[in-house]
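Here is the structure we will look at, set down as structure tokens.
Residue numbers run from 1 in the order of the sequence given. Note that the structure is a prediction, hence the values are computed from the model and not measured.
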Amino acid sequence: MKRLFSTIILAASAIVASAQTSLVGRVYHHPNIMADEIKAKAGDLTKNKDEAKAKAIAKAEKKKGRALTAEEKAKVEKQAEQACKAAENIIKGITTMVTATFKTDKEMEMQMKMQVDEEALKEAGVSWAKRKLLKTAVSIAPSKETLNYIVQGNLIICSDGTEKDTLTISPDGKFLYGKMDEKTSFTLTRTK
């Protein structure tokens, strides 16, 4: 019983200590959050080209209801290879760096810097109009935003005055987790 009681007191002390730890001066960063997301959505085609080709062949055979001829296999493999290359170029073509800096005990700064490599996107088959639209959107998007925040346990609730967002800090304080939208999550690593 004493051991259980001691464990509970130690755990409570750790929670209180972590709640009292100031975030001021901490910096969390990720050099390219979109690369992680694109790799996840693309099934990491760049590493599994043979698997992607085999899946494409199996899909084509199922659609035709028979085994593919050598010529048809070659065509499907070429298309799969092009899809892999396009995925690689899209990963290279768009970089999104995110940094979160805690300025005071109530204010933090979120910085997002996006870069577009037009040549890589062109090689990926992205049309001229879409490339220009993307470049324009990147150029007019705000790069820094100052947010007010409060800490509730391991949650950091941020607000720009109109919208609220929630970040989660890891128990050891080394990582900051968030979501760009319903499907896109990111992890920032503490650098300072």
Look up atom CE in M108 and atom CG in N148, then write down how far apart they are to the nearest 0.5 Å.
10.5 Å
Are side-chain heavy atoms of Q111 and E145 found at a separation under 4.5 Å?
no
Do L167 and C158 have side chains that approach each other closer than 4.5 Å (heavy atoms only, starting at C-beta)?
yes
Sole candidate of V116, N32, I33 that passes side-chain contact (heavy atoms from CB on, under 4.5 Å) when paired with T95
N32
Tell me, do R190 and V27 make a side-chain contact under 4.5 Å, heavy atoms counted?
no
Got a second to check how far L147's CG is from I156's CD1, nearest 0.5 Å?
11.5 Å
Using residues 172-180 as the side-chain source, report each donor-acceptor pair under 3.5 Å to any protein atom, sequence neighbours left out, with the distance given to one decimal.
residue	atom	partner	partner atom	Å
D172	OD1	S170	OG	2.6
D172	OD1	K174	N	3.1

Verdict with supporting geometry, K113 and T96, side chain to side chain contact (heavy atoms under 4.5 Å, CB included)
CA-CA 6 Å; K113 184 177 179 184; T96 308; over 6 Å; no
Could you tell me whether the side chain of I169 reaches within less than 4.5 Å of the side chain of Y28, counting heavy atoms only?
yes
Between CD on residue Q79 and CD1 on residue I57, distance to nearest 0.5 Å
11.0 Å
For a quick test of reading the model, state the closest non-hydrogen atom pair linking Y149 to T104 and the distance between them.
OH-O, 2.7 Å
Over all atoms of both residues, closest heavy-atom pair of S22 and V24:
OG-N, 3.2 Å
For E118, check side-chain contact (heavy atoms from CB on, under 4.5 Å) against everything at least two apart and list the hits.
R131, K132, K135
May I have the step-by-step check of side chain to side chain contact (heavy atoms under 4.5 Å, CB included) for E72 and E77, ending in yes or no?
CA-CA 9 Å; E72 290 171 329; E77 284 180 348; over 6 Å; no
Could you give the distance from NZ (K73) to CG (L68), rounded to the nearest 0.5 Å?
7.0 Å
Close side-chain approach of E109 to K144, heavy-atom, < 4.5 Å:
yes
How many angstroms lie between atom NZ of K59 and atom NZ of K55, to the nearest 0.5 angstrom?
11.0 Å
Minimal heavy-atom distance between M97 and T99, with the atoms involved, is SD-OG1, 3.9 Å
Write out all pairs satisfying side-chain hydrogen bond (donor to acceptor under 3.5 Å, both in side chains) with one or both partners inside residues 155-164, taking only residues at least two apart or from two chains.
D160-T162
State, with a plain yes or no, whether a side-chain heavy atom of T189 is found less than 4.5 Å away from one of H30.
no
Is it true that the side chains of T191 and H29 contain a donor and an acceptor less than 3.5 Å apart?
no
Would you indicate whether the side-chain heavy atoms of V98 and M110 approach each other to under 4.5 Å?
yes
